[in-house]
Q: 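First the structure, which I've put down as structure tokens, then a few questions once you've had a look.
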Amino acid sequence: MDTEVAETVLVIDFGAQYAQLIARRVRELNVYSELVPHDITAAELVAKKPAAIVLSGGPKSVHVDGAPLLDQAIFDLGVPIFGMCYGAQVIAHQLGGTVGRNEQGEYGRTEMSAIDGADSKLLAGLPAEQSVWMSHFDAITEAPEGFVATASTEASPVAVLENHERRIYGVQYHPEVGHTPHGMEVLGSFLHDIAECSPTWTMGNFIDDAVEKIAAQVGTGRVICGLSGGVDSAVAAALVHKAIGAQLTCVFVDTGLMRANEGEQVVETFKRHQGIELIHVRAEDRFFNKLEGVEDPEDKRKAIGEIFIREFEAASEGIADANFLLQGTLYPDVIESGTKDAAKIKSHHNVGGLPDDMEFELVEPLRSLFKDEVRQVGTELGLPDEIVWRQPFPGPGLGVRIIGEVTRELVAILQHADLIVREEIAKAGLERSIWQAFAVLPDIRSVGVMGDERTYARPIIIRAVTSEDAMTADWARLPYDLLESMSSRIINEVDGVNRVAYDITSKPPGTIEWE
Ligand code: XMP
């Protein structure tokens, strides 16, 4: 789906860690924003009709061979430009200023002073001395002609450069990160005052807009949606339902590998509360049969993925004249799939990971949103917190949290232990600060003693991680009291478990899931 909104700010990605964050920050200031690659041409850029351009930071030096630069013609388009860190150096370098190699770079919190008497629009209304977050080696030493330096630090004589006439601005620091206290004000000054973007982009507008576009795309057609219980497919379904009502049919394939009570919750939320037509496929038996004797993690993932698709296909064949498939694709998936060249660590299976020969036109109404924006949309559409704030859960479900063969009995044990972990995390108020917290059931046993009796049973491993995007993660420093209550409840309440361990591995080298 193409996002045609009144004003779009394009963030040009020079390979920064923070490029996505910049787009988010622009949206937080109520202006719609998208990322584009740095080799975009002036003509391609004009076609996107940006109201302003932001140049991200990047890991290179403008002096090295093959350093990413901007199509020079972009500077002459008259579109307001704001460069951050490397982006500011690109402005200085390409417009005739000087970027020098420093004796030493500047990293972390740095004090910056406004230059006396310099006429600054970016820093208007801010204190003359402020703390900014730096991360650079090269530094702009001379501003190009027509520009004035309006602030400096010890190692950066031109920490801020401004050209009011051409509306081109740059800062050597990172206004987008939380460690720069006045960063959002500076970005706001650029967007609202300098580029004159109106702060009108809100989730409410997004919903109205999306509803209109979905209705136009689908017409009188019929849409199928595979619900996983996860937030993305749930929000996508609620949004499409708002647009086309009874033309939407959801399919929920119950694998038997969901968490405790999750299947019922999906049916309850969508069928009863939202009034969405829902086909509930009870496929547990077929999944368990197929998993008999399968121990290897990749074989398991493949088996679950295959049978899932078959069940989904069978259910959708029964829906007459379905010609659209709804997918909860998010913006990070869209931009990453263009550039990602990562080694395959695990074969992921997602609802709607479909075989090539299924002939559906895709409906992807969340393609332009970040995860937390999707949550906002979900809340506005009246979805319950348990769905909107649900932690990520792998497509193959508990199947990849049971090491070795997956059986009904083991799933029941794990569901119970997992429920306790989640209940205790909720009781401690940590649900939203922890990325994922769950239980894993390994295929080992250990000796224990319970009430004078020797036991020989399985352990439960608790895994809790903090993360921004699941690409990297750290183990959560859970309070000892919380670990203790989880451990004693699991041992006392879950049959077949006599020991609890806590996983203290970050990612990398570990992955979040155990398989
Ligand atoms: P790993 O274990 O690779 O997981 O560190 C990263 C994130 O992805 C989730 N995950 C999956 N999600 N289908 C999914 O939709 C899958 O097959 C799958 N496997 C892992 C995992 O829970 C974590 O959030």
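Given the structure is predicted, the values throughout are model-derived calculations rather than measurements. Order of appearance sets the numbers: ligands from 1, and atoms from 1 within every ligand. In this chain, numbering begins with 1 at the start of the sequence shown.
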Q: Checking the N or O distance criterion of under 3.5 Å, is ligand 1 in contact with Pro392?
A: no
Q: Is ligand 1 less than 4.0 angstrom away from at least one heavy atom of Trp514?
A: no
Q: To which of Glu513, Met471, Lys507 does the heavy atom nearest atom 6 (C) of ligand 1 belong?
A: Lys507
Q: Which atom names give the shortest non-hydrogen contact between Thr180 and Trp133, and what distance separates them?
A: OG1-N, 2.9 Å
Q: Give the numbers and elements of all ligand 1 atoms closer than 4.0 Å to a heavy atom of Pro396.
A: 16 (C), 17 (O)
Q: Suppose I only count heavy atoms of Thr511 and a 4.0 Å limit; which atoms of ligand 1 are within that range?
A: 1 (P), 2 (O), 5 (O)
Q: Please determine if Lys427 and Glu423 form a salt bridge, counting it only when a charged side-chain N lies under 4.0 Å from a carboxylate O.
A: no
Q: Any atom of ligand 1 sitting under 4.0 Å from a heavy atom of Gln391?
A: no
Q: Please say whether Phe393 places an N or O atom under 3.5 Å from an N or O atom belonging to ligand 1.
A: no
Q: Between the side chain of Thr249 and the main-chain N/O of Glu277, is any donor-acceptor distance below 3.5 Å?
A: no
Q: Do Phe14 and Cys85 have side-chain heavy atoms sitting under 4.5 Å apart?
A: no
Q: For ligand 1, which atoms, with element, lie under 4.0 Å from some heavy atom of Trp435?
A: 24 (O)
Q: Using a 6.0 Å cut-off, check whether atom CD of Glu484 has over 12 heavy atoms from anything other than its own residue.
A: no
Q: Ring of Phe370, cation from Arg27 - is the NZ or CZ under 6.0 Å from the centre and inside 45° of the axis?
A: no
